[in-house]
Amino acid sequence: MLRAGALVALGGAAVPLTGCDPFGRDDEPPAPDPLEPLAAESAALEARHRAAVAAAPALTERLTAIADAHRAHVEELRRVIGRAAPSGTPAGTPSAAATDPDGLLAELREAEQQGRDNAAKACAAAPAERAALLGSIAAARATHVEALK
């Protein structure tokens, strides 16, 4: 069986075959989907909200719904991408400076603002079949910013 990188004898010389597979298989992994960064960011935002709840249980009611929304975004983005999430858990530890509820909320608000901007940019650059989903995520993140005030 011939594989990429195999040697083939042609006219008495061994010639390497690179990037060629007569059976149409591609040994290269597929290119990353443009939605991968947004899916990873949604997972990281969920993790940050859940870490904030662990650090300040008084925020549980306020932050759990937002974390759940990010989880739903991750699941839908993964469905659209058509690939499972990479292994590993996103970091969600609040900074050492943010141990009080107000500090945690300020950090989360800043992260949501950045996330809202990223989702809006992704929406503007997306093909029509993905724009509605990304617009919905951007709108949800804008709502989260307001809910964290």
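By the criterion of side-chain heavy atoms lying less than 4.5 angstrom apart, applied directly or through intervening Ile, Leu, Val, Met, Phe, Trp or Tyr residues, Val74 is not grouped with Leu45; the two fall into different hydrophobic clusters. Under the 4.5 Å side-chain contact rule for hydrophobic residues, Val145 and Leu105 do not share a cluster.
One distance of note links CG of Leu134 with NE2 of His73; it measures 10.5 Å at 0.5 Å rounding. If you take CG on Leu104 and CZ on Arg48, they are separated by 9.5 Å, rounding to the nearest 0.5 Å. For the atom pair CD1 (Ile66) and OG1 (Thr143), the distance works out to 9.5 Å, reported to the nearest 0.5 Å. Glu146 CD to Glu112 CD: the interatomic distance, rounded to the nearest 0.5 Å, is 11.5 Å.
A donor-acceptor contact shorter than 3.5 Å links the side chain of Ser42 to the backbone of Leu38. When atom types are taken as modelled, the side chain of Arg116 and the backbone of Arg141 share no donor-acceptor pair closer than 3.5 angstrom.
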Requested in this report: Verify side-chain contact (heavy atoms from CB on, under 4.5 Å) between Ile137 and Leu77, making sure each step is shown before the conclusion.
Outcome: CA-CA 10 Å; Ile137 291 171; Leu77 286 164; 3.8 Å; yes
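Nearest heavy-atom pair across Cys123 and Ala131 is SG-O, 3.4 Å. Nearest heavy-atom pair across Pro34 and Pro37 is O-CD, 3.3 Å. Here the closest non-hydrogen pair linking Ala52 and Leu63 is CB-CD1, 3.7 Å.
Annotation: salt bridge (charged side-chain N to carboxylate O under 4.0 Å, His left out) contacts involving residues 59-79, sequence neighbours excluded, comprise Glu36-Arg78, Glu46-Arg71, Arg50-Asp68, Glu76-Arg79.
Between His49 and His144, the angle of the ring planes goes over 60°, which puts this pair in the perpendicular group of the 30/60° scheme.
Using a 4.5 Å heavy-atom cutoff, the side chains of Asp33 and Val80 are not in contact.
Under 4.0 Å is where a charged nitrogen must lie from a carboxylate oxygen, and between Arg109 and Asp102 no such pair does.
A side-chain donor-acceptor contact under 3.5 Å links Asn118 and Gln114.
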